[in-house]
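Structure, as structure tokens:
In each ligand, atom 1 is the first atom listed, and ligand 1 is the first ligand listed. Residue indices begin at 1 and follow the sequence shown.
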Amino acid sequence: MNGAVGDITRGTTNPNRLRRVDRWVLHAVCPTIRSAQQPLVVDLGYGALPITTAEMFSRLKKHVRPDVEVIGIEIDPLRVTQAKPIEVPGLSFQYGGFEIPTGDRNPIMIRAFNVLRQYDESEVISAWKTMTERLAPEGYLIEGTCDEIGRRSVWVSLRAGQTQPETITFSTHIASLEKPSDLAPRLPKVLIHRNVPGEKIYEFLQTFDRAWQAQSSFIPFGSRQRFVAAVEQLAKTYPVLDNKDRWRLGEVTLPWEVFIN
Ligand SMILES: C[S@@+](CC[C@H](N)C(=O)[O-])C[C@H]1O[C@@H](n2cnc3c(N)ncnc32)[C@H](O)[C@@H]1O
């Protein structure tokens, strides 16, 4: 078997680990999937067990549209064979890589989670490009990283044909958060080495930490209220998107351009 673009990497996954990104997809990408002519969604690099692909399929089917089709694509042929028994109408698994071998059918969304983390930084832009070129014209690539149980997660969204993200989202389990910069280890590959003084991502995380600290008077009211107050403070200096409804979930989205030097 050959031709797939990419390398076989560790298959670590966990049930419900991608719930945060899936919840954001239901909010941000839902209208696009709903109005798509062809509701084809790809989960690239699902790992040793196809569990997060099956979870995304049931969420999209239940909350977005019942005729959604999800294809899990893996570069490890053994993982494809092992996933086949859980195929059902609308959910299937196939061998492939960044080239997204779905023939003449262009996905409306590709989710690639905890995949690029294991590649070299120099490979990221070309992987983004290869994937976004396969999207339907109005489609999204959602690429990100999370911790083992999905409590800290960061992802970017890119539109069809693009090599730079449109947005970046930071999402955290608030009750276990010590400070917002706890999310730093989950930054996308192209930002993780830039988390040093003088770089925009560093200044952002420091400002967020200071806002979190400044709102410690909210501790008696609960960490959720404290988080919302910290984001409100952050929004005075950063173009934070969305509103309290999202912030109270521990989720903060910004335009990607904020982090470009
Ligand atoms: C750490 S697992 C991630 C599993 C799941 N997405 C998650 O977040 O829980 C990464 C998987 O991506 C696969 N992978 C790496 N590069 C790939 C590529 N270019 N195309 C398809 N799959 C790839 C690896 O074989 C591995 O199974």
Run the side-chain donor-acceptor check on residues 124-131: report pairs under 3.5 Å with partners two or more places apart or on a different chain.
residue, atom, partner, partner atom, Å
W128, NE1, E143, OE1, 3.0
K129, NZ, E133, OE2, 2.9
T130, OG1, S126, O, 2.7

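- Ring centroids of F259 and Y238 are separated by 6.0 Å or more, keeping the two rings apart.
- The shortest side-chain heavy-atom distance between L18 and M56 does not fall under the 4.5 Å cut-off.
- Closest non-hydrogen pair, H173 versus R152, comes out as O-NH1, 3.1 Å.
- S181 and D209 share a donor-acceptor pair across their side chains, judged by distance under 3.5 Å alone.
- Note that CZ of R226 and CD1 of I219 are 4.0 Å apart. Values are rounded to the nearest 0.5 Å.
- Near ligand 1, residues V5, G6, D7, I8, T9, R10, G11, T12, T13, R17, L18, L44, G45, Y46, G47, E74, I75, R79, G96, G97, F98, F113, N114, V115, Q118, Y119 come within 4.0 angstrom through at least one heavy atom.
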